[in-house]
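The next block holds one structure in the form of structure tokens; read it before the comments.
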Amino acid sequence: MSTEPSRERLPFEPRQKRKKNPKAQNSSTNPQTTPKEKPSKTTVKQEKKQQKKQDKPTAASNDSMAIPDVVSKRMVRRMALMCGIPSFLGIATFVVSYLLITKVGVELPHVAVIMVSMGCFGLGVLGLSYGLLSASWEEDTPGTFFGWQEFSTNLGRLTSAWRAAKTKS
């Protein structure tokens with residue numbers, strides 16, 4: 001992290017990485033049993049219950065990693081707008097082409113109608129991603145109308161997280 005420029009942590013960004021607990025312990029390292037005697041079924045069940053309790057994240061850690069409600073609603077609004085308009089146009093392409101063929105008598109190639117509608121649906125898929133990344137992830141900052149500044153900031157955060165995960169593994 002020393003090569004990263006200092007920045008403020010997002011509200012839903014985890015404060016620290018959780019450490020994984022070892023899932024299986026060898027019987028030689030277990031102080032309750034000796035190698036000669038087998039553990040009873042009740043002690044094995046108790047150990048499994050204790051291990052499950054340790055593996056479960058606490059409620060506080062779940063709340064700290066949750067996306068704030070304000071940010072979530074902002075993302076959904078942008079995604080609905082950026083995906084809804086092209087998807088509506090994709091459906092309208094079929095209706096308009098049907099009306100042109102049946103009422104006006106215009107001969108349209110089927111491939112052209114399908115390609116135009118597929119292009120609109122493709123823009124809708126891209127609109128989902130752009131709507132998610134162009135929303136401001138800061139609770140206090142609503143962001144700009146088109147969200148280009150937020151998009152570049154959030155895309156940079158996303159790619160740096162991918163690179164960090166790739167170097168760890």
Side-chain angles (χ1 to χ4, degrees), residues 1-21 23 52-169:
M1 285 198 175
S2 60
T3 60
E4 269 186 30
S6 62
R7 64 172 177 84
E8 272 190 46
R9 186 183 61 80
L10 292 172
F12 53 89
E13 202 172 26
R15 287 187 180 89
Q16 61 184 4
K17 302 288 183 195
R18 288 189 316 181
K19 295 180 182 176
K20 292 183 180 178
N21 294 331
K23 292 192 177 183
K52 285 181 182 178
K53 287 180 184 177
Q54 291 173 354
D55 289 343
K56 288 183 182 177
T58 61
S61 67
N62 284 344
D63 290 342
S64 67
M65 292 190 56
I67 297 174
D69 194 40
V70 175
V71 176
S72 175
K73 287 181 180 178
R74 191 179 304 142
M75 287 177 178
V76 169
R77 271 194 313 262
R78 283 190 177 265
M79 289 167 49
L81 182 70
M82 300 287 184
C83 176
I85 293 172
S87 297
F88 173 75
L89 290 175
I91 294 170
T93 301
F94 289 118
V95 175
V96 169
S97 66
Y98 172 77
L99 291 175
L100 284 174
I101 291 171
T102 57
K103 303 292 182 188
V104 180
V106 177
E107 289 294 322
L108 294 175
H110 300 295
V111 175
V113 174
I114 291 174
M115 295 302 282
V116 169
S117 65
M118 282 179 55
C120 290
F121 288 127
L123 283 175
V125 171
L126 291 176
L128 279 176
S129 301
Y130 184 76
L132 180 74
L133 292 174
S134 69
S136 175
W137 290 357
E138 306 287 334
E139 282 185 82
D140 304 332
T141 311
T144 59
F145 184 73
F146 289 112
W148 184 250
Q149 179 67 33
E150 290 82 7
F151 177 78
S152 59
T153 302
N154 295 337
L155 188 64
R157 288 176 180 162
L158 195 62
T159 54
S160 67
W162 284 340
R163 286 182 187 138
K166 188 176 180 179
T167 57
K168 275 191 172 184
S169 61

Would you give me the side-chain donor-acceptor pairs under 3.5 Å for residues 108-123, sequence neighbours excluded?
residue, atom, partner, partner atom, Å
S117, OG, V113, O, 3.2
S117, OG, I114, O, 2.9

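- Annotation: the span from E107 atom CD to L100 atom CG amounts to 11.0 Å, rounded to 0.5 Å.
- Note: L132 CG to L128 CG = 8.5 Å, rounded to the nearest 0.5 Å.
- Interatomic distance, OG of S87 versus CE of M82, reported as 13.0 Å (0.5 Å rounding).
- If you take CD on E150 and CZ on R78, they are separated by 6.5 Å, rounding to the nearest 0.5 Å.
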With side-chain contact (heavy atoms from CB on, under 4.5 Å) as the criterion, how do R163 and T167 come out once you've worked through the C-alpha distance, each side chain's angles and the decisive distance to 0.1 Å? CA-CA 6 Å; R163 286 182 187 138; T167 57; 5.5 Å; no
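- Taking each heavy atom of G90 and F94 in turn, the nearest pair found is O-CD1, 3.6 Å.
- Between R74 and E139, the closest heavy-atom pair is NH2-O, 3.4 Å.
- If you take CG on N154 and OG1 on T159, they are separated by 10.5 Å, rounding to the nearest 0.5 Å.
- Open room surrounds OH on Y98; 12 or fewer heavy atoms of other groups in view lie less than 6.0 Å from it.
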